[in-house]
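Structure first, commentary second.
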There are 4 protein chains.
Amino acid sequence: MARITGSNGARTAAAIRQAALGLIYRQGFAAMNLRDLAAEVGIQPSSLYNHITSKQALLFDLMQEHMQTLLDSTDAALAAAGPGLMERLRAFLAHHVLYHMERRQEVYIANFELRALDPPNHRQIVAMRQDYEARLMALLEEGVALGELVVGDIPVTAYAMLAMLTGICTWYRPSGRLEKAELVALHTELALNGIRRR
Amino acid sequence: MARITGSNGARTAAAIRQAALGLIYRQGFAAMNLRDLAAEVGIQPSSLYNHITSKQALLFDLMQEHMQTLLDSTDAALAAAGPGLMERLRAFLAHHVLYHMERRQEVYIANFELRALDPPNHRQIVAMRQDYEARLMALLEEGVALGELVVGDIPVTAYAMLAMLTGICTWYRPSGRLEKAELVALHTELALNGIRRR
Amino acid sequence: MARITGSNGARTAAAIRQAALGLIYRQGFAAMNLRDLAAEVGIQPSSLYNHITSKQALLFDLMQEHMQTLLDSTDAALAAAGPGLMERLRAFLAHHVLYHMERRQEVYIANFELRALDPPNHRQIVAMRQDYEARLMALLEEGVALGELVVGDIPVTAYAMLAMLTGICTWYRPSGRLEKAELVALHTELALNGIRRR
Amino acid sequence: MARITGSNGARTAAAIRQAALGLIYRQGFAAMNLRDLAAEVGIQPSSLYNHITSKQALLFDLMQEHMQTLLDSTDAALAAAGPGLMERLRAFLAHHVLYHMERRQEVYIANFELRALDPPNHRQIVAMRQDYEARLMALLEEGVALGELVVGDIPVTAYAMLAMLTGICTWYRPSGRLEKAELVALHTELALNGIRRR
DNA sequence: TATGAATGAGCATTCATTCAT
DNA sequence: GATGAATGAATGCTCATTCAT
């Protein structure tokens, strides 16, 4: 019989994922150990295995869920934007910054723990990343074709823009000096100004 | 009789540092183990301790040397630039990109293994990083004061620019499609356009 | 369901303590290694840590339990003795000798591995030792006050008596030439004659 | 060419033995390490081997020299004593106590590091110990034959007396409350009263 | 005689994982 | 679903000792 959502088991599983995000974000995947994870959840290490398959599988699940959410919410943001190229590009960038502030742990992990993945898992996550990057590159290409953007090299520019906007998740704290909206605006302008026809 | 320079000891120590850079860059500090490091150098694990104090001290030494070199070479680049603000800013950015391509292992480690440092070591390296960031912030402030730059928020902009230019060390390979000089030019323009008075 | 008493866990823990007593007695704490201890118990070295916190904590536990037992059984022996000073003194000495024959491993360890204790543990065990010695000194003082004993110097005499009676645990073997009762009688007389009013 | 006494090498060798006595006395042979020993002497660990054959041989040498000195000085003390049994017994006991105060490090090591000796070395030192104990047993036997002593069991009594008098080396400090002569007198009386015909 | 570098064996301890209960 | 006990592999590090210089 299937357990209902919110049952004890599901709550434990969610707590594990939440605690794992924090620990991996703070210490790194290799440095995190399952004793600490279990302790943070309030169970014994062996009990983790009622909810996860392995440490590696836990990492993969966290990354995969994050990437899928990122792709889906990006597509939703693009669909909701106006039809113009600049409108869509601005929507992509704004969404990226906002998402990277709000889910900085997942983002950080997905960016910097790729090397901790087993080769098959690695391939899968890298493919999802490339999917995501491809959306930006397509927008840049379109902008160049329309004559609205000046881009020296599309992939290099896309990587540079993403690196700039992603950097926010290494230092952003909700309690910081600036509002989210301000940070989104600042970063979006910075990125757009870099390539907009002057 | 005194040992000659370049003797076995000094060569071994250098080989350890070189091998450690590669291993930490590829696997991360926590995931790297001293047995592999020793094997790569061609000595026994216990022999490492004739040259390092501990795994932690090795990491700290690598980081500290890198940060000092970065600070010194940056100052040299600034001193060699023309007197104008834009000349010095461009020199800073170009130097940053070039350095991050040429010593991408050290850079990557210094950026992403900060959390692996013991608290006292952490404090010291963070202070050196802030020293470095302060140089860019000072240039931005000067540019704003002169009316040559339009900067929404100095620290946020500095972090965003550094993140963009630093990103290159996550994907750059010497065998890649573009020349170093091209990459330097592309990145410098991208960063400058973001803030230059239009 | 709760585990029953005498389950595997409790039995293993007891076996570890028993084996540790023998190994430390024979080889000394520093020379004993946990591999040998595990082998003697019939488990893997890593399994020791399901039952002990550390090698140091194991030593401390063994010592502390011994000292508490010694104090408690001494008090019981004194309470069971007749009211006279000489009866109580004789009871103390006889109990000491008997205890030191029957638990010579614990006694030997508690006497000669004090230096292997961490400072905080050391302080605690030394305090218990002083508690024990104080009982003998109090009896000697009482005897001197009553005029039944001739004692040149109370602490020095107490230490000398304890050293004499404790010495038995360095050579006593149950299979030896003399019965326990004979040894107790011999030692008690030797000690008492040394200080009894002639 | 033979080096003259007091040369650098001889001085280093003596310093090693002196430092080793202190370290083994304080930490135990197994817990002492040659790094610390070398550091205390002011040389590098590898240099120790110009003066000692091995850690084990160092221990054996220290013990052997001590035992020989003990035997020789005991014989001298016995020869210097008056001809009477009690005079010689008293001389033995007094010498034992004095020697054990003055060379308490050597004595402590010889008593409690026997188990650290290799079997051949162990046999040799044990034989010397038995030689020493035999001198006391012979005196006790003679006293019993003469009717001057009352001894329940000669070996047990000898061991008990030696344990009592040896105990002083575990707590004696030159800066203590009592003079050496007082301690010698106290202990000698304590031991003699235990067995003297009343 | 002294030393820096190297070594192989060993050490206490950690870790992810398993499994019977 | 949870747990205590067990495990095998591994980890950073120490140690006595060797040896060319």
Side-chain angles (χ1 to χ4, degrees), chain A residues 3 7-13 30-38 41-56 58, chain B residues 1-4 7-13 30-38 41-56 58, chain C residues 1-4 7-13 30-38 42-56 58, chain D residues 3 7-13 30-38 42-56 58:
Chain A
R3 294 216 160 224
S7 74
N8 231 355
R11 246 183 287 131
T12 303
M32 173 198 75
N33 69 68
L34 297 187
R35 275 168 179 73
D36 288 350
L37 176 59
V41 175
I43 59 177
Q44 296 300 318
S46 53
S47 302
L48 288 173
Y49 288 84
N50 291 317
H51 305 280
I52 68 173
T53 305
S54 69
K55 194 188 174 192
Q56 168 72 209
L58 170 60
Chain B
M1 199 177 105
R3 294 210 161 227
I4 54 167
S7 74
N8 238 355
R11 244 184 288 132
T12 302
M32 171 195 77
N33 73 69
L34 298 186
R35 276 164 177 76
D36 287 352
L37 176 59
V41 176
I43 60 176
Q44 295 300 316
S46 54
S47 301
L48 288 173
Y49 287 86
N50 289 319
H51 306 279
I52 69 173
T53 304
S54 66
K55 193 188 176 193
Q56 168 72 208
L58 171 60
Chain C
M1 203 176 104
R3 296 211 161 225
I4 54 169
S7 73
N8 238 356
R11 243 183 290 132
T12 303
M32 172 196 76
N33 71 68
L34 297 186
R35 279 166 176 74
D36 288 350
L37 176 58
I43 59 177
Q44 295 300 315
S46 55
S47 302
L48 289 173
Y49 288 85
N50 290 317
H51 306 280
I52 68 173
T53 304
S54 67
K55 195 187 174 194
Q56 166 73 208
L58 170 60
Chain D
R3 292 214 162 225
S7 73
N8 229 356
R11 246 184 286 132
T12 302
M32 172 197 76
N33 68 68
L34 298 187
R35 275 170 179 72
D36 288 349
L37 176 57
I43 59 176
Q44 295 300 315
S46 54
S47 301
L48 289 172
Y49 288 85
N50 290 316
H51 306 279
I52 68 173
T53 306
S54 68
K55 194 187 175 194
Q56 169 72 210
L58 170 61

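First the proteins, then the strands, lettered A, B, ... as listed; each starts at 1.
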So which atom in A/M32 and which in A/K55 form the shortest heavy-atom distance, rounded to 0.1 Å?
O-NZ, 2.9 Å
Return the OH to CD1 distance between C/Y49 and C/I43, rounded to the nearest 0.5 Å.
11.0 Å
Would the base of F/dG12 count as contacting B/R35 through its side chain, where contact means a donor and an acceptor less than 3.5 Å apart?
yes
So, does C/T12 get its side chain near the phosphate of F/dA5, meaning an N or O under 4.0 Å from OP1 or OP2?
no
Could you state the CE-P distance from B/M32 to F/dT11, rounded to the nearest angstrom?
11 Å
Test side-chain contact (heavy atoms from CB on, under 4.5 Å) applied to C/A13 - qualifying residues, sequence neighbours left out
C/H51
Dot-bracket, 5' to 3', for DNA chain F please: Watson-Crick or G-U pairs under 3.5 Å, [ ] where pairs cross earlier ones, | where the partner sits on another strand, dots elsewhere.
.||||||||||||||||||||
Return the minimal non-hydrogen interatomic distance between C/A30 and D/A30, and the atom names on each side.
CB-CB, 3.9 Å
Contact residues, residues 44-51 of chain C to DNA chain E [heavy atom, < 4.0 Å]:
C/S46, C/Y49
With rounding to the nearest 0.5 angstrom, report the OG to CG distance, A/S54 to A/L34.
9.0 Å
What pairs with C/I52 under side-chain contact (heavy atoms from CB on, under 4.5 Å), at least two apart in sequence or on another chain?
C/I16, C/L48, C/L58
Between E/dC11 (C1') and C/L58 (CG): distance, integer Å
16 Å
Under the side-chain contact (heavy atoms from CB on, under 4.5 Å) rule, collect the residues that match up with C/N33, sequence neighbours excluded.
C/R35, C/D36
Using side-chain contact (heavy atoms from CB on, under 4.5 Å) as the criterion, list what pairs up with B/S46, not counting sequence neighbours.
B/Q44
Separation of atom CG in D/N33 from atom P in F/dC13, rounded to whole Å:
17 Å
Measure CZ/D/R11 against P/E/dA2 and give the value in whole Å, please.
11 Å
Starting from C1' on E/dT7, measure out to CD1 on B/I43 and report it in whole angstrom.
10 Å
Output the rounded distance in Å from CD1 (B/I52) to C1' (E/dA6).
15 Å
Can you tell me the distance, in whole Å, between the NZ atom of C/K55 and the C1' atom of E/dA12?
8 Å
